[in-house]
Amino acid sequence: MTTVTHSPIPSPEAPQSSAPYAAEAVVFDHDGILVDTIRPDYLACSALFEEHGATLPARMWAQEVCGRPDGYPRLFDVLLDSAGAPPGSGASHSAERGTTGPHGHAALQERLSQLWERFMTPEHVRLLPGVRELLTRLRAAGLPVAVASAADAAWVRRWLGHFGIEEYVDTVVGGDEVPRRKPDPAVYLAAAARLGVPPARCVAFEDSLTGVAAARAAGITVTAVPTGLTRSLDYSAADHVLPGLWAVDLSRPPWTAR
C-alpha cells in the first residue's frame with residue numbers, strides 16, 4: 001500500500017511565530033473550521049444579489065465578509081451600487097442607507113436574515129471532515145480545547161450541540177462576549193485566559209483572513225484551513241496552511257500534516 005503524505009501549502013513569507021511547538025491548548029474558530037456555515041452564508045448572499053439583478057462578487061465576499069459580521073454593511077453598499085438604487089429610495093447616500101428607504105441597509109439586512117433562515121439549516125450546515133476525529137484525539141492527549149468565534153456564543157453552542165461535539169470543548173467565547181470582534185484579538189485572548197494557558201502556548205485553527213489576523217494579534221500560532229470558497233486568498237500571514245483538519249498530525253510538531 002502506498003502512503004500519501006500531505007504537506008502544508010508553502011507560505012515562505014509567513015511571519016515566524018515565537019510560540020513553542022509544544023502547545024498546551026487548542027483554540028478553534030467555529031464557522032468554516034468546525035462546521036460549514038460558510039457555503040450556506042454564501043448561498044444566502046448570492047440569492048440576495050440575484051433578487052436585485054446583481055451578481056455577488058465572490059472574492060470581495062471571501063476577503064471582507066467571510067468570518068467578519070461587520071462586513072455585511074460593506075456588502076450591502078456593493079449591492080446597492082451594482083443594482084442601482086431607485087430615485088427617492090433613500091439609498092443614494094451611504095449615510096442614509098442604514099436607516100431609510102425600502103432598499104437601504106435595514107431592509108437588506110432583514111431580507112438576508114430571511115435567506116439565512118432558508119439556508120442555515122441542518123440540511124445545509126454540515127460538520128467538516130476530520131473534526132470529530134481530531135477532537136477525540138485532543139481529548140485523549142489531555143489538551144484543553146476552546147472555540148473562539150466572531151459569531152455569538154449561542155450560535156456556536158447551537159451547532160456544537162446539534163453535532164454532539166460540545167463534550168470535547170472546554171469553553172466557548174463568542175463575539176458578543178468581548179468588546180470587539182475579529183480581527184481584534186479580544187476573543188482569542190479571552191479563550192486563552194479561560195483555559196488558563198498563555199496565548200504563546202496555544203495553537204489556533206482558522207479559515208478566514210480576519211480570523212488569522214485575530215489569532216496572530218493575540219500572539220497565538222495559527223494554522224489556516226481555507227474553505228473551498230476562500231482557497232484562492234493569500235494566507236501568507238498564517239504560520240501554516242493545511243487542506244483540512246483531517247490532515248493534522250499531533251505527532252509532528254507543530255501539528256502541520258500527516
Side-chain angles (χ1 to χ4, degrees), residues 8 17 19 23-38 66-68 125-178 181-183 185-197 199-227 230 235 238-250 254-257:
S17 172
E24 297 178 3
V26 183
V27 186
F28 291 97
D29 176 40
H30 176 257
D31 298 280
I33 282 291
L34 299 179
V35 300
D36 183 11
T37 54
I38 302 304
C66 181
R68 188 167 188 165
V125 177
R126 63 189 181 92
L127 189 69
L128 285 163
V131 169
R132 196 180 303 277
E133 295 78 7
L134 178 56
L135 289 174
T136 300
R137 287 187 286 136
L138 291 172
R139 175 56 57 89
L143 289 166
V145 171
V147 175
S149 176
D152 290 355
W155 170 260
V156 175
R157 293 191 180 96
R158 168 189 172 182
W159 292 108
L160 295 181
H162 173 76
F163 289 110
I165 57 174
E166 71 274 25
E167 65 181 287
Y168 298 103
V169 177
D170 297 290
T171 189
V172 171
V173 184
D176 58 328
E177 298 179 310
V178 293
R181 301 183 191 242
K182 301 175 186 178
V187 70
Y188 272 109
L189 293 173
R194 289 189 188 181
L195 293 177
V197 178
R201 300 192 72 84
C202 296
V203 170
F205 291 93
E206 272 284 356
D207 69 295
S208 70
L209 299 183
T210 298
V212 168
R216 290 306 305 271
I220 294 177
T221 296
V222 57
T223 293
V225 186
T227 69
T230 61
Y235 282 91
D239 293 281
H240 312 282
V241 183
L242 290 179
L245 291 183
W246 50 264
V248 175
D249 186 349
L250 300 184
W255 310 345
T256 49

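Position 1 is the first residue of the sequence; numbering continues from there. Quick caveat: nothing in here was measured; it's all calculated off a predicted structure.
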Pairwise distance [atom1]([X]) to [atom2]([Y]) - rounded to 0.5 angstrom:
X: Phe163; Y: Arg126; atom1: CZ; atom2: CZ; value: 9.5 Å
X: Cys66; Y: Leu209; atom1: SG; atom2: CG; value: 8.5 Å
X: Tyr168; Y: Leu138; atom1: OH; atom2: CG; value: 11.0 Å
X: Asp36; Y: Leu128; atom1: CG; atom2: CG; value: 5.0 Å
X: Leu34; Y: Leu245; atom1: CG; atom2: CG; value: 7.0 Å
X: Phe28; Y: Thr223; atom1: CZ; atom2: OG1; value: 10.0 Å

Locate the shortest heavy-atom distance separating [X] from [Y]; write the atom from each residue and the value.
X: Pro185; Y: Ala218; result: CB-N, 3.6 Å
X: Ala25; Y: Leu195; result: CB-CD1, 3.8 Å
X: Ala224; Y: Val212; result: CB-CG2, 4.1 Å
X: Leu127; Y: Val131; result: CD1-CG1, 3.9 Å
X: Val203; Y: Ala23; result: CG2-CB, 3.4 Å

Any side-chain heavy atom of [X] within less than 4.5 Å of one from [Y]?
X: Pro226; Y: Leu242; value: no
X: Arg216; Y: Asp239; value: yes
X: Glu167; Y: Leu160; value: no
X: Tyr188; Y: Val27; value: yes
X: Ser149; Y: Asp31; value: yes
X: Val147; Y: Val173; value: no
X: Ser208; Y: Arg68; value: no
X: Phe205; Y: Val222; value: no

Are [X] and [Y] close enough for a salt bridge, meaning some N to O gap below 4.0 Å?
X: Asp176; Y: Arg181; result: no
X: Lys182; Y: Asp29; result: yes
X: Glu177; Y: Arg194; result: yes

Answer yes or no: is there a donor N or O on one side and an acceptor on the other, between the side chain of Asp152 and the main chain of Ala154, under 3.5 Å?
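Not at all, since once roles are kept as given, no pair shorter than 3.5 Å links the two residues.
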
Checking Arg137 side chain against Arg132 main chain: does a donor-acceptor pair fall under 3.5 Å?
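Side chain of Arg137 to backbone of Arg132: no pair is present.
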
Quick one: list whatever passes side chain to side chain donor-acceptor pair (under 3.5 Å) with Trp159, sequence neighbours left out.
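Expected list: none.
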
Check the side chains of Tyr235 and Glu206 for a donor-acceptor pair under 3.5 angstrom, ignoring hydrogens and angles.
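No - no donor-acceptor pair under 3.5 Å links their side chains.
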
